[in-house]
Structure formats: C-alpha cells, structure tokens
Amino acid sequence: MHENQIGINTEMGDGKIILHLDMDSFYASVEIRDNPSLSGRPVVVGADPMHGTGRGVVSTCSYEARAYGLHSGMPISQAYHLCPHAVFIRPRMALYAAVSSRIMQILKSMTPEIEQVSIDEAYCDLTGDQSYVRASSHAEDIKQVIREQEGLTCSVGLGPSRIYAKMASEQQKPDGCVIIPPEDLLSFLHPLPVGKIPGIGKRSVAVLASIGILTVGDIARCDIQILQDLFGSHAVRLSEIARGLDREGLRTSGKRKSISREHTFLKDSLSPDEILSSLHEMVLSVCHELERRDSYSRTIGLRIRDSGFITKTRSVTLIQPTREVRIIENAIDTLFAEMWDMTPVRLIGIRVSGLVHHDPVQRTLFDF
Ligand SMILES: [Mg+2]
C-alpha cells in the first residue's frame, strides 16, 4: 500500500486539544470516601499537629477545612490554631498510590495518550476528538467513570495547550469542567491575575505589580524588552502564553511517533551511488534509534528535494513492523527508484513511523 504525497508533510501542530485532570483534595477525599462519617467535616491529611506544637505541614485538606484558610504546604501547627476541631489524619501513601494507579489506568483506557505529572494529576491528548464539543463530552465521560469506579471527583480543563488546560482546570474546583477553545482563549486569559500562570510565584507577582502589571492581559501588552529584563530567557515564552500563542502538547518524550533523518548535499547530487550510500547511512542510524527505543516501524518514508526546491515525499507501509536494516534499506531503495527523475538532488530524508513496541516475530505465528 502506497501513500503518495507531493510536498512536505506537515504534522498537525496547531489544532491540539489538551485535557488537564486534577483530583479534588485527593488524599482527604480518599480518607472521606473510606470513612463516610468524615463527610462534611474539615479533614486535614498531614503531619501530627501535637495540639499545636507539631512540626511538618498539611499535605491536603478538604474544602471544609479550606474555608478556615487552611491549604496544602501550611505548617501543621498553624492549621491547628486556625481550625483545632478539624480531623487530623496521618497520610496513608500506599493507599493513595493504589487509587492513583487505578485512576491513571482509567485515563489510559479512555484516551489515546496520557502524561501523568503527579499522583493526582495528568494531561491527556484529546486532539483526535477533533472538536471541543466532542472533547468536552469525552471529558464528562472520564469524570463520570472515575466517580463511578472510585467514588471521587476531579476537576478538568480543556484547551489548546497543556498550560491553558491546567489554568482552565484550576478555574472551577471542585468537580469542575472548564472548556477554553482557541476562540475564547484571550477573553479567558486577559482578565486573570498574573499569578494564575503556572510558574509565576509570589515573588514574580510582586515584581510585576511594582511596574503596574497585574493581569495576564497586561503581560500580553507589555514590551518584550521589559519582560526580558525581568525574566531573561523565559520572557518570550511568558509573552506567548499571555498572548494565547502557546501550543505545547504532552511531554511524552521517548514516545514520539516517528523518527526521521535528513541530509543536505553540499553540492546538488546527480550520483545515485552517492545518494544511496547517504540514505543507507541514515537507515543505519534510524535502526539504532528504533533499537534504543525498543520499537519497530511499519511505515517507511522517503523525501527528495531537488535543486529547484520541489519536494516529493512517498512512503510504503509494510505487512509487519520491523527494525531490520536490510528490510528498511530495500524499502528505501525501491522508493528511490520509483521517485527519482534524474534531476539534481539537494536534500534527502527518511522517516519511519507507525511505531509499535511489540515483537513482530511473535506475531508471525498468527499471521502466517
Ligand atoms: Mg489535586
């Protein structure tokens, strides 16, 4: 099966739909679920308060405790003074870890790609849903399955990059679902206080306030030079985030879906020997990379750009995934013979995609 394409492959880069999911007061909610008599009471999971003399901090507290001003990271002695009648519970990490891994399992079964970032937080790529309407009903389904199977609520946010999804999920806790499609991004972002941008801490908030920058919109309108003086190399990204231009997807490195190599000749080449030997070098390098990732490729692609900058791309899909040099070389040789029209070659590139992790040899037993 051939996929004929003339022109440069453009990976879908701008239409991402990212979901951020954050369990609500996770440790406290697990404790309340397992002991319903705690329901409706201020519950604090953390260090022993020792009647106000304890050391250590609050890990998580229920929303009822938050009403007294308690929050994660607060010294436990201070929490005790603010709310002495709260129920103070030592953390049971093994229990929370088991609940967490079941929740991540649910996410893996319901979405194509997830990036877990903490015990109770993950990003999922819902780009495949193709619209925010479908993605939001997908998100509601995820919330419902977690509620039914684990008896716990979470807050989710949907947006065109991971940072916007996170900012969305934090807007409406607990049990929230906030959808920010690209067309609503600026009206969502600009009124927010600068501290709502993840990574902007108290110190940065104070520095920005001192020059009159209070909202995300103020950052968007701020001269980049001023931001550079304050934030150095982070200024450009911060400005992009504020202007709604960030499009960062999941950080699942090592799970990239393709491997590519390319080579530009110093002088446009007309020699099939030179071109093929350069391609074979790239095949070797790609096969090493496949081995390093313990992956096999199903689709082998070749790109040829001629001296007039016309680029042709063509790929072949194999019956079974491979990382054998000989098989990939054969595929490339065949593609090259089909594609090359004897015009001088400026650049060549190969790309293997359709990566899988299983061992195809085992599958052969069933295939033939
Ligand atoms: Mg949480």
Side-chain angles (χ1 to χ4, degrees), residues 18-35 38-47 56-74 76 79 83 86-108 110-111 114-126 139-159 161-180 192 195-202 250-251:
I18 306 298
L19 172 142
H20 178 252
L21 179 144
D22 184 11
M23 299 305 295
D24 299 322
S25 60
F26 185 51
Y27 303 167
S29 301
V30 172
E31 294 294 344
I32 295 164
R33 176 193 74 177
D34 287 4
N35 180 359
L38 299 174
S39 175
R41 299 175 62 185
V43 173
V44 180
V45 178
V57 297
V58 173
S59 297
T60 318
C61 56
S62 68
Y63 286 87
E64 289 80 1
R66 289 177 202 206
Y68 291 87
L70 274 58
H71 57 80
S72 307
M74 172 182 273
I76 199 76
C83 189
V87 183
F88 289 89
I89 299 172
R90 298 305 83 64
R92 294 190 288 168
M93 291 312 298
L95 170 65
Y96 312 146
V99 177
S100 165
S101 88
R102 289 199 298 271
I103 289 164
M104 296 303 156
Q105 231 25 72
I106 292 171
L107 290 182
K108 278 177 197 153
M110 294 185 73
T111 69
I114 91 158
E115 176 198 351
Q116 182 177 355
V117 286
S118 77
I119 193 165
D120 75 329
E121 248 182 286
Y123 294 94
C124 303
D125 193 330
L126 301 188
E140 291 289 357
D141 289 350
I142 291 169
K143 280 166 65 79
Q144 190 185 337
V145 171
I146 293 174
R147 197 181 310 121
E148 281 169 3
Q149 297 193 4
E150 291 297 332
L152 296 169
T153 65
C154 59
S155 296
V156 301
L158 282 175
S161 84
R162 70 207 289 292
I163 205 161
Y164 301 135
K166 185 173 170 70
M167 291 168 80
S169 76
E170 280 168 3
Q171 271 314 95
Q172 206 184 78
K173 284 178 125 307
D175 206 15
C177 182
V178 175
I179 318 291
I180 315 287
L192 291 176
K196 293 283 182 185
I197 298 178
I200 299 287
K202 277 188 193 143
L250 268 50
R251 292 177 188 164

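These numbers were taken from a predicted model, which means no experiment stands behind them. Any value given below was found using the heavy atoms of this structure, including those in side chains, with hydrogens, waters and symmetry copies removed. Start at 1 and go down the list; that is how both ligands and their atoms are numbered.
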Could you walk me through whether Gln144 and Glu140 pass the side chain to side chain donor-acceptor pair (under 3.5 Å) test, one step at a time? CA-CA 6 Å; Gln144 190 185 337; Glu140 291 289 357; over 6 Å; no
Walk me through it: do Ser100 and Phe26 pass the test side chain to side chain contact (heavy atoms under 4.5 Å, CB included)? CA-CA 9 Å; Ser100 165; Phe26 185 51; 4.2 Å; yes
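Salt-bridge annotation for Glu150 and Arg102: present, with a side-chain N of the basic residue lying under 4.0 Å from a carboxylate O of the acidic one.
Counting heavy atoms of neighbouring residues, nucleotides and ligands inside a 6.0 Å radius, atom NZ of Lys143 exceeds 12 of them.
Coordination check, Met23 versus the Mg ion (ligand 1): passed, since an N/O/S atom of the residue sits under 2.8 Å.
In Asp120, the N, O or S atom that comes nearest to the Mg ion (ligand 1) is OD2. The closest approach of Asp22 to the Mg ion (ligand 1), by N/O/S atoms, is made by OD1.
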